[in-house]
Amino acid sequence: MIIDMQSSEVPRLNMSSWEIGESRYLPGMEIKKLGKEKFVVYIGPQHPGSGHMRIIIKVDGDVIVEADPDLGYVHRTMEKLSEGRAYIKIIPLVERMAILDACNATLPYVEAVEKLLGLEAPERAKYLRVALCEINRIASHLYGFGIFGVFLGHSTMYMWGFGDREILVELAEKLTGARLTHTYPIFGGVRRDAPQNFTDNLRKAIRYLRKRLEDYRRMFLDNPVIRKRLEGVGIVSKRAATDLGLVGPNLRASGVEYDVRAVEPYEAYDEFDFEIPVFEEGDSLARAWVRVEEIKQSLRILEQVADKLDKTKGQQIMHDRFWAKVPPLYKKVFEAEGRVKLMPLFAILRVPKGRAFARTEAGRGEITYYIESDGKDKPYRVRIVSPSYRNAIMFKYAIPGHRVADLPAIYGSFDYFPPEADR
Amino acid sequence: MMPAKFVHKKTPKIGVLSSIGKNASALVLGLKYFFEPNRFTLMYPREYIVLDKRYRGFIVLIKNKCIGCESCARVCPTGAMKMVKFEVPNPKNPEKKKIVKYPTINHQRCVYCGFCVDICPTEALYHVPVHDVVYFNLADMIQYVESFQKEPVSPTAAEGAVPVKYIFDPERGLVKVRIKEGEKQ
Ligand code: SF4
Ligand code: SF4
């Protein structure tokens, strides 16, 4: 087909219809006029931040008078899909909720099933789980920082956050064999042992990241331009945070002492010496600071994990029920490659009748699983409550009263992740 | 047992005067990284990473080892692995045919979770540390027994890109190093 360039109609925007009225569109932004100087602005759902969601705001001039978070654009029916799958197949499914926080998102599921099966992971497997959880937590915070930076027009922070996250992703790849969707914890233990030089690499990465956090402070947190945009913006009071049920760093930035790792230690968290930072102010700046302080503490945990891993070298990483009677080939593979081979019964694993509940502290807050089993090889019900879903309500209360220009600062500071909220 | 402690902190306050200093400090830091950048970008089509042996890449079948037990197809969470039946001559009775089953992989669906590799009782499946194979049509992505046994080749490696690997460094985080001839790990 030949197109006649002269005669063919080139669609042009009719600028006269771009008057404020029914038909003014900007990409991802639809505006409706309500009255003089009063508009409804639809922000999203084409990826306003780290995923698809929409905030519908009403503005008077450029002051936001009402904000309404509109979720569900990346809903993948994970809970329903889980009802028709064998237990093991659900792990790679729910992992896709928050791929940058995969271990934290799947661990409570694995723990809940382990509770029903009545088994507990061996010691070394617990340390390996904690190692990957903390690697994921730091990676998730750095990702959040990167997005936050680019929201505020600070592209240096974006590059640094994503660049330094690569180190953690690389560590996770060395441990599990995959960069993001690790599928690492499994009923009874973990799937792979740490490679030879893992703890050395981990220590090197910790030293580097400690140094980098100082750079972050100078470049981003103490930068007067950034501080002006964050200080006193999007304040969430202690009362509001508890009443609305916020979780994770957002809750701790409002002065509330709550962290699953402290109130109900899981895996090996009660063996490590670390602090949980709590900030009083509740503004966007405090939410940024609490994450930086948390990264420092995660590095502290990782340091202790590295020592523990060195001490428990060569120990079993799978529960006896799935490891005591394995054929010699399985043990040979484990010794040679550190890979745990699964018994064929994993594919049709029957879980005793019962209900189980488990929770962990993911990068963005508490994540909860409730599993009901009727004794078959598929769960009767899997209920997931993810941290971002619980934090999303805050947009309704933290945004009004601010100017439109403050919205990215507030949205970014909550580190909201739509795929995790929508499940 | 030493449960984690909560520690209350406050965001540091900065006054007008110190804010000038902080601004300058951020600029100086920016300049420092301008002159001494810490880059480790992979120049992808011209360079490629030589992945670890442990990397969960493409999956290859060793037909001789496969006993047709179906475990791999049963555990696959995405339905990428399916069993296909073949008729082969029965060695005992040449009149009759024998039916054997071999797995088939659909790379459109596979998420490289590695469950099939780990569950195979005879180690008939293994991962190759390759992740960048390109297919020109969707049908090629379904690999039956014949093509399933061939190890895929990374097109970047085949076209003579420079092999690199990343090593951890306490000063620079990750450092990209070129792998010399004959030094493949
Ligand atoms: S790697 Fe996972 S998704 Fe791919 S074929 Fe094997 S079990 Fe299925
Ligand atoms: S699990 Fe292994 S032996 Fe069994 S059918 Fe699959 S490839 Fe063959």
Side-chain angles (χ1 to χ4, degrees), chain A residues 85 88-89 91-93 156 163-164 166-167 170 173-174 177-178 181 183 191-192 195 201 204-205 207-208 212 215 218-219 222-225 227 255 257 259 261-262 265 269-281 285-286 289 293 327 329 333 337 339-342 344 346-348, chain B residues 1-14 16 18-20 22-23 25-26 28-30 32-33 38-41 51-57 69-78 111-115 117-123 127 166-174:
Chain A
R85 277 160 199 258
I88 193 171
K89 299 186 187 178
I91 303 175
L93 172 70
T156 308
D164 287 335
E166 192 59 33
I167 290 149
E170 194 82 8
E173 186 206 298
K174 295 273 183 289
T181 46
T183 329
R191 288 180 59 200
R192 289 180 186 217
N201 287 341
K204 283 180 193 162
R207 263 181 62 192
Y208 169 75
R212 276 299 270 186
D215 285 352
R218 271 174 73 185
M219 187 53 116
D222 275 356
N223 190 336
V225 184
R227 281 188 63 111
E257 294 185 353
D259 187 313
R261 289 176 294 172
Y269 275 109
D270 53 0
E271 291 175 35
F272 301 118
D273 176 27
F274 66 105
E275 291 168 2
I276 291 164
V278 177
F279 279 77
E280 299 295 335
E281 290 86 349
L285 187 66
W289 266 101
E293 292 294 325
L329 173 74
V333 170
E337 304 171 31
R339 184 153 60 84
V340 173
K341 285 196 62 73
L342 310 172
F346 264 102
I348 41 163
Chain B
M1 288 287 264
M2 39 182 145
K5 295 174 290 293
F6 289 99
V7 179
H8 286 260
K9 297 189 174 168
K10 276 195 152 46
T11 53
K13 297 277 166 284
I14 53 172
V16 181
S18 68
S19 100
I20 297 168
K22 303 277 185 201
N23 223 336
S25 157
V28 169
L29 186 65
K32 185 189 144 213
Y33 278 104
N38 181 17
R39 288 195 203 111
F40 47 80
T41 314
L51 293 159
D52 246 31
K53 280 242 160 45
R54 293 164 59 105
Y55 188 83
R56 299 204 316 243
C69 71
E70 282 187 43
S71 292
C72 52
R74 223 177 279 140
V75 81
C76 180
T78 59
V111 294
Y112 306 101
C113 64
F115 280 165
V117 175
D118 285 352
I119 210 164
C120 177
T122 58
E123 282 283 282
H127 288 289
Y166 284 96
I167 52 170
F168 290 88
D169 184 272
E171 294 308 313
R172 302 193 51 198
L174 281 178

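Scope of the values below: all heavy atoms of this structure, side chains included, with no hydrogens, waters or symmetry mates.
- Between the side chains of B/Asn38 and A/Tyr208, at least one donor-acceptor pair of N or O atoms lies under 3.5 Å.
- A/Lys89 places no side-chain N or O within donor-acceptor distance of the main-chain N or O of B/Thr78, the cut-off being under 3.5 Å.
- Side-chain contact check for B/Tyr33 versus A/Asp215: some heavy-atom pair is nearer than 4.5 Å.
- Contact annotation for A/Pro92: only side-chain heavy atoms (C-beta onward) come within less than 4.5 Å of a heavy atom of chain B.
- In this structure, the portion of B/Asp169 lying under 4.5 Å from any heavy atom of chain A is its backbone and not its side chain.
- Using a cut-off of 4.0 Å between Lys/Arg side-chain N and Asp/Glu carboxylate O, B/Arg54 and B/Asp52 are scored as not salt-bridged.
- Side-chain atoms of B/Cys113 and B/Pro77, non-hydrogen and from C-beta on, do get closer than 4.5 Å to each other.
- In this structure, the portion of A/Glu173 lying under 4.5 Å from any heavy atom of chain B is its side chain and not its backbone.
- Of the residues considered (A/Glu280, A/Arg212, A/Glu275, A/Arg191), A/Arg191 shows the highest number of contacts with chain B, using heavy-atom pairs under 4.5 Å.
- Looking at A/Val333, only its side chain comes within 4.5 Å of chain B, counting heavy atoms on both sides.
- The residue among A/Asp164, A/Ile88, A/Val278 with the most heavy atom pairs within less than 4.5 Å of chain B is A/Val278.
- When atom types are taken as modelled, the side chain of A/Asp222 and the backbone of A/Arg218 share no donor-acceptor pair closer than 3.5 angstrom.
- Contacts between B/Cys72 and chain A at a heavy-atom distance below 4.5 Å are absent for every atom of the residue.
- Neither the backbone nor the side chain of B/Tyr112 comes within contact range of chain A; no heavy atom of the residue lies under 4.5 Å from a heavy atom of that chain.
- In this structure, chain A has a heavy atom under 4.5 Å from the backbone of B/Thr122, while its side chain stays farther away.
- Look at A/Glu337 and B/Lys53 and you find no salt bridge, because none of the NZ, NE, NH1 or NH2 atoms lies under 4.0 Å from a carboxylate O.
- When the candidates B/Phe115, B/Tyr55, B/Phe40, B/Tyr166 are compared by the number of heavy-atom contacts under 4.5 Å with chain A, B/Phe115 comes out ahead.
- No side-chain heavy atom of B/His127 sits under 4.5 Å from any side-chain heavy atom of A/Arg339.
- Using a 4.5 Å cut-off on side-chain heavy atoms (C-beta onward), A/Thr183 and B/Arg56 make contact.
- For the options A/Arg207, A/Met219, A/Glu257, heavy-atom pairs under 4.5 Å to chain B are most numerous at A/Glu257.
- Of the listed residues B/Glu171, B/Lys22, B/Arg74, B/Glu123, the one with more heavy-atom pairs under 4.5 angstrom with chain A than any other is B/Glu123.
- Looking at A/Pro327, there are no atoms closer than 4.5 Å to chain B (heavy atoms on both sides), in backbone or side chain.
- For B/Arg172, the part sitting under 4.5 Å from any heavy atom of chain A is the backbone (N, CA, C, O) and nothing else.
- Although no hydrogens or angles enter the test, the distance criterion places no donor-acceptor pair under 3.5 Å between the side chain of B/Lys10 and the main chain of A/Glu281.
- Most heavy-atom pairs under 4.5 Å with chain B, from the set A/Ala262, A/Gly255, A/Pro195, A/Gly163: that is A/Pro195.
- Contacts between A/Glu293 and chain B at a heavy-atom distance below 4.5 Å involve the side chain alone, from C-beta outward.
- Residues B/Gly173 and A/Ile167 come closest through the heavy atom pair CA-CD1, 3.7 Å.
- Residue contact with chain B, scored on non-hydrogen atoms closer than 4.5 Å, is absent for A/Leu93.
- Looking at A/Leu329, only its side chain comes within 4.5 Å of chain B, counting heavy atoms on both sides.
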